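First up is the structure itself, then whatever we jot down about it.
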Protein chains: 2
Amino acid sequence: MPKRNDPGRRPTLADVAERAGVSAMTVSRVIAGNYPVAPPTRSKVLRAMRDLDYVVNAHARALAGATTKTVALVLDDATGPFFAFIARGVEQQATSEGRLCLLCTTHGDPERELAVVELLREQRAEAVILVGGAQDSETYTERMSAFARSLDKSGSRLVLCGRPSPGPDVPATVVEYDNEGGAYAMTAYLLANGHRRIAYVGREIGLSTTDERIAGFRRAHADHGVALDESLIRPGTFSRESGAAATEALWAERTDVTAVFAATDMVAAGVLKALRGRGVRVPEDVSVVGFDDIPLASDLTPALTTVHVPHEQLGREAVRLALHRGPDQDDRVVLGTHIVIRESAAPLRP
Amino acid sequence: MPKRNDPGRRPTLADVAERAGVSAMTVSRVIAGNYPVAPPTRSKVLRAMRDLDYVVNAHARALAGATTKTVALVLDDATGPFFAFIARGVEQQATSEGRLCLLCTTHGDPERELAVVELLREQRAEAVILVGGAQDSETYTERMSAFARSLDKSGSRLVLCGRPSPGPDVPATVVEYDNEGGAYAMTAYLLANGHRRIAYVGREIGLSTTDERIAGFRRAHADHGVALDESLIRPGTFSRESGAAATEALWAERTDVTAVFAATDMVAAGVLKALRGRGVRVPEDVSVVGFDDIPLASDLTPALTTVHVPHEQLGREAVRLALHRGPDQDDRVVLGTHIVIRESAAPLRP
DNA sequence: CATCGTATAGATACCGCTATCTGTGATGCT
DNA sequence: AGCATCACAGATAGCGGTATCTATACGATG
């Protein structure tokens with residue numbers, strides 16, 4: 001441990017004070033700028049600071065009260081296609097509010113998730129933002145409630161971003177986007193284009209996201225007076241491979257489908273690949289649409305018509321809501337989604 | 001500011017000590033586990049900690065010496081296509097070494113970059129990892145040297161990841177990847193496939209990355225005894241749009257080119273789009289290759305033959321080298337690159 | 001029985017900074 | 001002149017931990 005007289009240690013307030021021939025308090029005041037200091041004194045202090053290349057100790061400062069606060073972002077995995085956008089939103093907003101941004105990942109491991117939350121409690125993070133699809137189970141709700149309460153007690157705020165709310169009386173902030181509405185709009189678009197046998201590919205069971213999207217899918221059918229063939233809702237995961245496999249299976253079974261609603265853009269990429277393999281033309285023979293609007297969507301051939309999710313804004317709102325909380329502030333926000341029309345969907349040809 | 005007797009404040013060591021009927025030191029020892037504590041005492045303390053839901057204050061702990069150290073990752077922009085992979089590598093390695101990971105972005109603004117480095121100095125970050133292409137200028141070298149020295153004085157280590165080294169006597173660690181070798185291998189592959197008029201699209205001037213890739217491009221031509229037509233090296237930026245525009249311009253000028261080496265995968269996406277627009281088939285008429293091997297590469301149609309850059313490993317090495325430094329440890333590492341053959345390049349057809 | 005080592009717990013002094021209170025000359029006002 | 005006011009700087013006391021030294025009880029040892 002460095003002692004006061006260790007020659008190699010970093011300079012402290014006291015060192016600057018000594019060099020400038022003033023008290024430590026005066027130096028602190030020059031830095032904070034919240035108290036009058038006579039110009040000559042100020043410049044002597046600034047001089048000394050520069051000479052010693054002084055840097056305040058953020059930890060000491062935090063301990064003494066005037067903290068540089070921190071916002072933490074917790075992801076499953078940093079390489080998820082849209083996490084980057086949420087991260088950008090979080091980082092932007094955090095920076096613009098003068099906060100630092102911590103990044104942690106859990107790899108979907110509940111054990112690690114717990115450890116990370118605990119660590120962030122120690123760090124006294126102002127907000128802990130959990131992002132990413134979660135199984136909407138009893139266990140999940142309980143876990144999140146526990147996290148929320150425990151973080152609340154340490155003065156932090158839990159923010160669930162794109163995840164279901166654990167309940168109304170839990171001290172957490174929720175930022176979601178309109179899955180149901182997006183799916184409704186997209187399905188309606190396909191129906192309006194004459195499609196009647198639309199497959200939904202990539203129903204990942206137990207995922208709240210999935211349930212909401214399928215609800216929109218159903219509602220659109222109902223509103224348009226089209227009977228929904230339940231066997232057209234195909235199970236799968238949110239991966240390219242799953243999309244391809246489900247498409248293969250579907251086409252092996254029947255070929256009367258005229259449009260495919262992929263659960264995500266990634267799934268759509270798999271669907272397109274499988275269809276191309278079978279010689280099915282998109283959108284001439286079959287229309288394909290996705291969900292998410294990640295950059296990949298516009299790089300696919302044909303460019304994917306999809307539902308836009310405001311990922312970046314999601315991140316920004318998460319930070320904003322967590323930091324500016326008050327009686328008139330909402331603890332739950334649902335951001336809108338909308339469809340983006342590109343080239344992968346077309347009117348039904350007779 | 002919370003006072004000792006503020007009822008809503010977070011519990012401290014003293015609170016736990018009081019509840020357990022022991023001294024604060026004993027509690028500290030139970031937590032640290034580095035000193036014998038009698039079993040009955042230990043359990044009393046553990047009990048009290050649980051009752052109060054006690055969490056140590058990381059700041060106080062850092063101030064007193066036993067710090068939870070931090071590694072900082074500084075990016076231009078979190079949404080860059082491969083930043084996510086570097087971030088994953090950094091985060092993984094940092095976590096496995098028991099460090100937290102801070103994330104900052106600069107948006108290419110030198111002002112912000114300076115501010116961020118200053119902030120990280122205050123945070124006493126153990127390592128500051130700067131990622132991303134940089135203009136290789138006099139100014140850059142000076143800036144980085146200054147950062148390196150200034151961070152060094154505050155006990156931090158500067159790591160330049162995928163950026164040029166500012167010089168041998170600067171206290172910084174450099175982790176690069178073999179741009180020249182990758183470009184050489186790819187060019188050699190095209191030449192071996194019979195291509196003789198290969199365009200290099202996306203020469204972003206002043207970027208060290210570009211210079212190295214072009215050097216490999218040149219060397220391969222020389223080694224294969226093929227004269228390089230300098231007018232085939234086309235300027236541009238690392239964007240899809242630039243790739244498309246450069247391709248349009250090139251084809252307007254001449255149509256004898258049989259292969260295009262795009263500076264990055266993103267540029268390649270633009271090249272493919274432009275060629276498709278002109279009815280040029282890939283790889284039948286023209287071969288197209290890229291550089292980076294981001295996920296997009298395998299989603300393009302046709303799947304892109306490209307140079308693989310070990311982004312994730314880059315991030316891991318950055319952290320590893322910064323933390324384990326010693327006399328026998330290198331301060332500069334160059335990771336290998338290799339080509340990944342997919343479907344966008346084919347032998348020249350007569 | 002005096003002496004000593006050992007195991008355990010407490011006391012004390014910082015770590016580097018800020019909040020708050022306490023001076024102290026210079027100035028303004030009657 | 002006498003006194004309140006003001007602008008500024010210093011002294012002091014924590015923030016919540018950890019390192020290090022000291023104190024005490026107790027069994028072992030000669």
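Basis for what follows: all heavy atoms, side chains included, without hydrogens, waters or symmetry-related copies. These figures come from a predicted structure and were not determined experimentally. In what follows, every chain begins at residue 1, and chains take the letters A, B, ... in the order their sequences are listed.
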Quiz item: Relative to the 5' end of DNA chain D, which residue comes earlier, B:Met25 or B:Ala60, by the nucleotide with the nearest heavy atom?
Solution: B:Ala60

Self-check item: Residues in salt bridge (charged side-chain N to carboxylate O under 4.0 Å, His left out) contact with A:Glu118, at least two apart in sequence or another chain
Solution: A:Arg121

Practice problem: List in numerical order all residues of residues 27-46 of chain A for which some heavy atom is under 4.0 Å away from an atom belonging to DNA chain D. | Solution: A:Arg29, A:Tyr35, A:Pro36, A:Val37, A:Ala38, A:Thr41

Self-check item: For A:Phe147, ring-ring contact (aromatic ring centres under 6.0 Å, His included) partners two or more places apart
Solution: none

Give every pair of a protein N or O atom and an N or O atom of nucleotides 4-6 of chain C that lie under 3.5 Å apart, one pair per line with the distance.
none

Practice problem: Round to the nearest Å and state the distance from B:Leu13 atom CG to D:dC15 atom C1'. | Solution: 13 Å

Would you give me the side-chain donor-acceptor pairs under 3.5 Å for residues 35-42 of chain B, sequence neighbours excluded?
residue: B:Arg42; atom: NH1; partner: B:Val37; partner atom: O; Å: 3.4

Quiz item: Considering residues at least two apart in sequence or located in another chain, which fulfil the side-chain contact (heavy atoms from CB on, under 4.5 Å) criterion with A:Ser156?
Solution: A:Leu151

Self-check item: Residues in side chain to side chain donor-acceptor pair (under 3.5 Å) contact with B:Glu317, at least two apart in sequence or another chain
Solution: B:Arg320

Quiz item: Sequence neighbours excluded, which residues qualify as side-chain contact (heavy atoms from CB on, under 4.5 Å) partners of A:Glu18?
Solution: none

Self-check item: Whole-Å gap separating C1' (D:dC15) and CG (B:Asp15)
Solution: 13 Å

Self-check item: Value in whole Å for how far the P atom of C:dG16 lies from CZ of B:Arg61
Solution: 18 Å

Exercise. Select from A:Val22 and A:Arg124 the residue whose nearest nucleotide in DNA chain D is closer to the 5' end of that strand.
Key: A:Val22

Quiz item: Between atom CG in B:Asn57 and atom C1' in D:dG16, what is the gap in whole Å?
Solution: 6 Å

Exercise. Go through the side-chain N and O atoms of A:Gln92 and A:Ser96 and say whether any donor and acceptor fall under 3.5 Å apart.
Key: no

Quiz item: Taking C-beta and beyond as the side chain, do B:Ile129 and B:Val74 meet within less than 4.5 Å on heavy atoms?
Solution: no

Exercise. Using side-chain contact (heavy atoms from CB on, under 4.5 Å) as the criterion, list what pairs up with B:Pro110, not counting sequence neighbours.
Key: B:Arg143

Exercise. Rounded to 10°, tell me the angle between the two end axes of the helix from C:dC1-D:dG30 to C:dT30-D:dA1, each built from five pairs.
Key: 50°

Exercise. Could you tell me the separation between the CD atom of A:Glu122 and the P atom of D:dT18, rounded to a whole number of Å?
Key: 10 Å

Quiz item: Could you state the CD-C1' distance from B:Glu18 to C:dG10, rounded to the nearest angstrom?
Solution: 16 Å

Exercise. Look at the side-chain N and O atoms of B:Thr12 and state whether any lies under 4.0 Å from the OP1 or OP2 oxygen of D:dG16.
Key: no

Quiz prompt | side-chain contact (heavy atoms from CB on, under 4.5 Å) against B:Ser23, all qualifying residues, sequence neighbours excluded | solution = B:Met25, B:Thr26

Practice problem: Applying side chain to side chain donor-acceptor pair (under 3.5 Å), name anything that partners A:Arg29, two or more places apart in sequence or on another chain. | Solution: none

Quiz prompt | Closest approach of B:Leu73 to B:Val131 (non-hydrogen atoms, all atoms of both residues) | solution = CD1-CG2, 3.6 Å

Quiz prompt | Whole-Å distance separating the NE2 atom of A:His59 from the P atom of D:dG16 | solution = 16 Å

Self-check item: N/O (side chain, B:Thr26) to phosphate O (OP1/OP2, C:dT8) under 4.0 Å
Solution: no

Quiz item: D:dG14 P sits how many Å from A:Leu63 CG, rounded?
Solution: 14 Å

